[in-house]
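As structure tokens, the structure follows; a few thoughts come after it.
The residues of the chain are indexed from 1 along the displayed sequence. Just follow the structure's listing: the first ligand is 1, and inside any ligand the first atom is 1.
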Amino acid sequence: MVHSPLAIDSKLATVGTTIFTVMSKLATECGALNLAQGFPDFQAEPELFDATLAAMRSGRNQYPPMTGVPELRAAIGEKVAALYGVYYDPEDEITVTAGATQALFTALAAFVRSGDEVIVFAPAYDSYVPAIETVGGRAVHAELVFPDYKPDWDAVRALVTPRTRMIIVNSPHNPTGSLLEVADLDALAELTRDTGIVVLSDEVYEHIVFDGAQHASVAAHAELATRSLVVSSFGKTYHITGWKIGYVVGPAALVGEFRKVHQFNVFTVNTPCQIGIAEYMRDASRHLRLAAFYEHKRDFFRNELRASRFDLLPCRGSYFQLARYSGISERPDVDFAQWLTREVGVAVIPVSAFYADARDDHVVRFCFAKQEATLAAAGEKLRRI
Ligand SMILES: Cc1ncc(COP(=O)(O)O)c(C=O)c1O
């Protein structure tokens, strides 16, 4: 151990280890089923590994271009055009990133100056607020209204000030599984019209939308697309969260600013994995069938919990299922999640962890990106309480 005598004035004084790490560690310690952290417990297809290994063996192991390998940027451009009807030029409108988290951080660092305000919707994915604060910005919290978790656009409008630099939206939404509709994007477009506000749209679950709904991408919104950066993640789409590869698309003027930071932040992203993904993406059915794949898991898991005392909230997209537990316990959600992990053997995330003020509606989040055997084993335990 090396002791430091420095009196550190932390930029993130209230930030500790994230709840995801805490709950995953507890799950391991207790031998609990881990429905807490958002990652699959099943493998990606061997074709993806074969393509990646072939790239390694053929010598594609050195720094790629700062913006991403051309094959992958071209494949992203084609995919986005096919899905959302808008063509981003791989040359200056698409950048490959080290996962979505880095894309989000870099976007904030590129646009937010000290004292600028960034509107985020609570509950919010946990990286947004610390990233805003690290770059000197101030997070301003709008609310996704419980229990439907829909935005109240009049309330959002009241939060906009001359200091508002960015608005972050996320659909399909983690942790709630709610979706933004085209009408929401219209409201957002109206709200940001004739302002300098940049929209940062986190669409990492873009392919996981249920019950026949269409993903309303900001990229597909002709007006919003002109002032937005759209972020996605191959980790979520191809069951490879540990590879940490994602991308950002946007108009050249915005992506140009993004790249100025990106090149001194990560500079480049793992070459053979980019080539493997580019090769694998050629078959569009691999991302197009993801919705049906996860819809089946959602229905399977909901069915497992039907005879339990959990009250399941709607899940329209993503791979997260929220549940109220008031019928089981009056404990605060953090206590309940720990109790569930220790005593019942199923790890979950308390939803208060996604609120800056730790608001507690007695709701927990289950991740159903798991094998049916795991979901069935969890269901069996959860029906007993
Ligand atoms: C809403 C949201 N955004 C971003 C990410 C991070 O994606 P990546 O692993 O590609 O950094 C996650 C991962 O859980 C997420 O849920």
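In this structure D184 satisfies the salt bridge (Lys or Arg N to Asp or Glu O under 4.0 Å) test with no other residue, sequence neighbours excluded.
Only the side chain of N170 comes within 4.0 Å of ligand 1, counting heavy atoms alone; its backbone N, CA, C and O stay farther away. Contacts of K244 with ligand 1, taken as heavy-atom pairs under 4.0 Å, involve the side chain alone. Residue contacts with ligand 1, taken as heavy atom pairs separated by less than 4.0 Å, do not involve F234 at all.
Salt bridge absent: R60 and E279 never bring a charged side-chain N and a carboxylate O closer than 4.0 Å. Under a 4.0 Å N-O distance rule, the pair D283/R289 does not qualify as a salt bridge. The pair R193-E190 fails the salt-bridge criterion, with no side-chain N (NZ, NE, NH1 or NH2) lying under 4.0 Å from an Asp/Glu carboxylate O.
At least one N or O atom of N174, backbone or side chain, sits closer than 3.5 Å to an N or O atom of ligand 1.
Residue-ligand proximity: H173 is placed with every non-hydrogen atom at 4.0 Å or more from ligand 1.
Protein heavy atom at the shortest distance from atom 2 (C) of ligand 1 is D202 OD2, 3.4 Å.
Cation-pi contact between R165 and F111: absent, since separation from the ring centre below 6.0 Å together with deviation from the ring axis within 45° is not met.
Atom numbering of ligand 1 starts at 1 in the shown order; those under 4.0 Å from a heavy atom of S233 are 8 (P), 10 (O).
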